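Below is one structure; the comments refer to it alone.
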Amino acid sequence: MSSANQPVQGMSDVAAPEVCLWQRLEQLARETMERYGFEELRTPVVEFESVFTRSLGETTDVVQKEMYVFEKGGRRLCLRPEGTAGVMRHAAGRGAQETDGARWYYVGPMFRSERPQAGRKRQFHQVGVECLEPPAPRVDAEILALQVDLLRAWGLGECEVRLNTRGEIAGHAAVAAGLRAALAAREAELCDDCRRRISENVLRVLDCKNAACQAVVATVPPPTVFMSPAAREYLAQTAAHLDALGVKYRIDPRLVRGLDYYEHTVWEIASTALGAQNAVAGGGRYRMQLGGRELVGVGFAIGLERVVGVLQALGRDRDLLPPPPPLVWLVGLGEAALDRNLALMQQLRAAKIACRMAPGGSLKSQMRAANKAGAAWVVLRGEDELTQGVAALKDMASGEQTTLPLDRLVPELTARIASR
RNA sequence: GUGGAUAUAGCUCAACUUGGUAGAGCACCAGAUUGUGGUUCUGGCUGUUGCGGGUUCAAAUCCCGUUAUCCACCCCA
């Protein structure tokens, strides 16, 4: 357990059997998102720092203190802290006619240099989508419906969807000013953090966990009051579409999404099965300037570590694990048999049969290895079998053993695998 | 970035308070009459006590530093 053998802080290896769960989650996600007309887009993990500073906002925590930034060849580069900006950078580079109406999804690692904690890693993994269709409540509702659909496909159980609007980006300053004015008179009642937030990030006062702050917030007008009628109407229409689709949600005027590029519809999905970091997924509509283009879209991201955490907390992770493919174990007695088994394995594999063997050892130890690996059948050959051109085939579950000619082995195993 | 807790065999943990040869269960390995796994029985292996320093005749144990993990804050998926 020396530190040289450990991964970097906040980053971890994923080994079997948990990695099988990850594969299954990704497979279900791809199937679901492709059913909604999304195509995969793979963007680099490394981007120019400016891709994020200009879209997420210079003052956001993610940009200010959580990015892995480094310099290479005089360029300021970074590991991507989220998925949307890189996808938009791709879109900006391809021109409007080609990317308008695009539906992309991504799966991959993101990096934020935060203090690790339950449900939070420095390298974490997200699946997300971005939809560049013209803005409409119908689109936002469809995207949120997809996200809920996906969480259901994973068997996540009850999750709470909180929905809100941030209004148009052009109106953000007016909302902030309105809230500041409303909170100024009550500043003395707020916690230290919130007094700081009033000037730095007013919206964050709304979702402070401090009870005293919540008491103040309850008496302050909700942010929607300071938005345009059109913004309120957009939210109402989106909600109506969600009702029609049977998607359950709760409008929460205090819901805040931190990144600057959000406008109009925003939402967050939480599970009660988790600890403090209970947000499993989030999403929203956004607008950003990149590469001389203005990009408008709607998307979501889901934290895979947290999905795994919920499934484990609910004891549902095993339900998603596919049964392992049946394995054949070859046992050989003596050097000659072991050599011949090495060649036989390649014949089995050519017939799409999964197989392994031990490099040597006693019959007992080879059988033990077969059992430990969970082999369904053992193919055993010693000197007798080699001279007679046969092999012993043992069913590990029942213990039954038969001897058959070598050329019958592949058909017999194929038939047994098919009938499992 | 801030605060609290923790670090002992491959795994889960004991021994620490009150310094005196580091232990259990599981796992692993080998046997139980000739070439057969799982259950059982018998035997065996396993550690620079995270790392570095200090105090002491003597440190897993007390002190300092460091690294990592866990939990929470901040923030976010």
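No experiment lies behind these values; they were computed from the predicted model shown. Quick note: numbers below take in every heavy atom, side chains included, and nothing from hydrogens, waters or symmetry partners.
For the pair A:N278 CG and B:C75 C1', the interatomic distance rounds to 13 Å; values are reported in whole Å. Note: CZ (A:R115) to P (B:G4) measures 10 Å, nearest angstrom. The CE-P distance, from A:M11 to B:U67, rounds to 16 Å in whole Å. For the pair A:Q312 CD and B:C70 P, the computed distance is 13 Å after rounding to whole Å. Here B:U2 presents its P atom at 19 Å from NZ of A:K209, a figure rounded to the nearest Å. When rounded to the nearest whole Å, the span between CE of A:M67 and P of B:A77 equals 15 Å. In this structure, CD of A:E114 is placed 10 Å from C1' of B:A77, rounded to the nearest angstrom. Between the CZ atom of A:F52 and the P atom of B:A77 there is a distance of 13 Å, given to the nearest Å.
In terms of polar N and O atoms assigned as donor or acceptor, the side chain of A:E385 comes within less than 3.5 Å of the base of B:G35 in a complementary pairing. For A:K394 against B:G37, a side-chain-to-base donor-acceptor contact under 3.5 Å is present. The base of B:C75 sits within donor-acceptor range of the side chain of A:R120, with an N or O pair under 3.5 Å. Between the side chain of A:N371 and the base of B:G38, no donor-acceptor pair under 3.5 Å is found. Applying the 3.5 Å distance criterion, the base of B:U67 shares no donor-acceptor pair with the side chain of A:Q9.
Here the side chain of A:S365 is nearest to one of B:G37, B:C75, B:A30, namely B:A30. The listed nucleotides are B:G31, B:U36, B:A72; the one nearest the side chain of A:A118 is B:A72. The side chain of A:L259 lies closest to B:A77 when the candidates are B:C73, B:C75, B:A77. The listed nucleotides are B:C70, B:A77, B:C74; the one nearest the side chain of A:P116 is B:C70. Comparing B:A77, B:G35, B:C28 against the side chain of A:L363 picks out B:G35 as the nearest. Side-chain proximity of A:D61 to B:A72, B:C74, B:A77: nearest is B:C74.
For the residue pair A:Y262 / A:R257, a side-chain donor-acceptor distance below 3.5 Å is found, with atom types taken as modelled.
Within the nucleic acid shown, A:A370 has no heavy atom closer than 4.0 Å to any nucleic acid atom. Heavy atoms of A:G309 sit nowhere under 4.0 angstrom from any nucleic acid atom. Using a 4.0 Å heavy-atom criterion, one finds that A:R197 contacts the sugar-phosphate atoms exclusively.
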Next on the checklist: Please evaluate residues A:E31 and A:Q27 with respect to the criterion side-chain hydrogen bond (donor to acceptor under 3.5 Å, both in side chains), reporting the C-alpha separation (whole Å), side-chain torsions for both, the decisive distance (0.1 Å), and the verdict.
Outcome noted: CA-CA 6 Å; A:E31 287 170 7; A:Q27 179 197 350; 3.2 Å; yes
Item to check | Pair assignment for RNA chain B - dot-bracket with | for other-strand partners, Watson-Crick or G-U under 3.5 Å | outcome: (((((((..((((......[..)))).(((((.......))))).....(((((..]....))))))))))))....
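Here the side chains of A:V379 and A:L393 are in contact, with some heavy-atom distance below 4.5 Å. Contact check for A:P223 versus A:R254: no side-chain heavy atoms found under the 4.5 Å cut-off.
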